[in-house]
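Taking it in order: structure first as structure tokens, then the write-up.
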Amino acid sequence: MKDNHIFSLLEEEKYRQKSGLELIASENFVSKQVLKAMGSVATNKYAEGLPGKRYYGGCEIIDQIEDSARDRLKTLFNAEWCNVQPHSGAQANAAVMLACLNAGDSILGFDLSHGGHLTHGSTVNFSGKLYNPHFYGVEKETGIVDMDKVASKAKEVKPKMIIAGASAYSRDWDFKRFREIADSVGAILLADISHPAGLIAKGLLNDPIQHCHVVTSTTHKTLRGPRGGVIMMGKDFENPFGIKTMKGNLRSFSSLLDSGVFPGTQGGPLEHVIAAKAVAFGEALTDDFLQYTIQVTKNANAMANEFVKRDYNLISGGTSNHCMLIDLRNKDITGKEAENALVKGDITVNKNMVPFDTQSPFVTSGIRVGTPAITTRGLVESDMIKVVDYIDQIIKNPSDESIHKEVKNEINNWMKAYSLYPKVSYPKSELV
Ligand code: DSN
């Protein structure tokens with residue numbers, strides 16, 4: 001069967017990615033070799049278990065692939081242990097929580113409406129349904145997390161786990177202080193570094209590994225790998241909390257976390273994705289990747305400055321990483337309206353709740369913008385002024401179709417100069 005329908009759509013999607021400005025802070029463009037590894041024969045293999053301890057035959061080569069992914073990830077983050085099987089960041093968090101917590105235990109995470117993540121205790125997510133969620137947030141005046149307030153919240157609710165991390169926070173995390181707070185109340189400290197992982201790997205932001213009991217991440221954001229998740233651990237290799245298995249056995253922390261992934265929350269690992277993770281981790285170990293991450297932060301900074309110049313209200317006033325959260329209330333437009341208008345100009349962002357938002361999560365008062373993907377395309381600081389100008393034109397004229405069209409044409413022409421997967425195509429004639 002020739003599946004013209006799906007392959008035509010893939011060709012259209014490739015064109016969409018290539019011709020627009022991709023500003024979703026959690027997206028990126030993988031290299032051709034990452035793409036190739038992901039679409040490889042490794043998808044055919046069942047390999048439940050871990051390298052050397054599988055429940056299926058024929059895993060000798062897959063084992064070498066997964067071992068390479070594990071070794072490279074450990075080198076990248078200076079970790080003692082890791083598991084590269086989580087299908088996503090959400091799965092990684094689910095596995096850690098299953099391994100470390102009992103139903104009903106209290107957890108303390110960053111408020112979703114302040115930039116936190118669903119899996120850090122939102123009541124519509126397993127983490128808020130199975131566990132007893134409490135939250136810290138940012139200060140209204142500064143847009144920044146006040147660590148003294150985190151400490152007093154922890155003292156008040158005595159969580160079994162504290163989660164440091166976010167999906168829309170433009171400042172760095174004080175993992176050292178988080179650990180002091182966790183120790184003061186006997187909590188496990190989990191850092192979810194899904195967003196800034198690439199910048200952390202290259203030393204541009206604070207290192208969580210040396211302070212946190214467990215670290216989770218996605219692999220597809222600033223790390224520029226395939227869609228997926230990982231779990232890592234630094235020095236707390238032993239089981240510091242004496243957590244027992246269901247059968248009452250005391251096991252090492254790492255083996256508890258491994259079993260939180262499989263059989264706890266997942267079945268067969270996606271070995272094609274693990275192959276692609278290995279390739280991406282190899283790329284992230286290079287100096288080229290260091291230059292890339294530096295450029296991501298330079299671009300974010302340049303973009304933030306330009307937004308501020310044009311009277312945009314950035315939460316916390318700027319950025320120290322790859323992203324920024326913009327409160328649009330002074331521009332008289334909701335996040336939803338802005339997202340919908342911008343996409344007409346081929347600019348992709350996502351609407352986002354801002355701290356102390358007065359709109360629902362489906363409407364929101366803000367947008368989140370990030371530079372990982374446009375930096376991969378090759379844009380630099382001076383281009384950020386042009387990017388902000390296009391956004392500004394559309395936000396000031398959200399219903400003016402002629403301006404949307406004009407911006408779209410200019411962006412499409414501009415992006416022709418920045419190639420994306422020139423040799424990757426899904427022509428109907430090549431289908432088998
Ligand atoms: N959806 C991701 C993000 O955009 O940040 C988090 O899961």
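Counting convention: from 1, in listed order, for ligands and their atoms alike.
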When you measure from the side chain of Asp357 to the backbone of Ser113, do you find a donor-acceptor pair of N or O atoms at a distance under 3.5 Å? no

Look only at the side chain of His114 and the backbone of Pro355, and say whether a donor-acceptor pair between them is shorter than 3.5 Å. no

Hey, what's the ring geometry for Phe253 with His213, parallel, tilted or perpendicular (30° and 60° as the breaks)? perpendicular

Is it the case that Arg224 places NZ or CZ above or below the six-membered ring of Phe289, under 6.0 angstrom from the centre and within 45 degrees of the axis? no

Is the ring centre of Tyr136 less than 6.0 Å from the ring centre of Phe110? yes

Angle class for the Phe178/Trp173 ring planes (parallel below 30°, perpendicular above 60°, tilted otherwise)? tilted

Protein residues having a heavy atom less than 4.0 Å from any atom of ligand 1: Ser26, His117, Ser167, His195, Lys221, Arg368

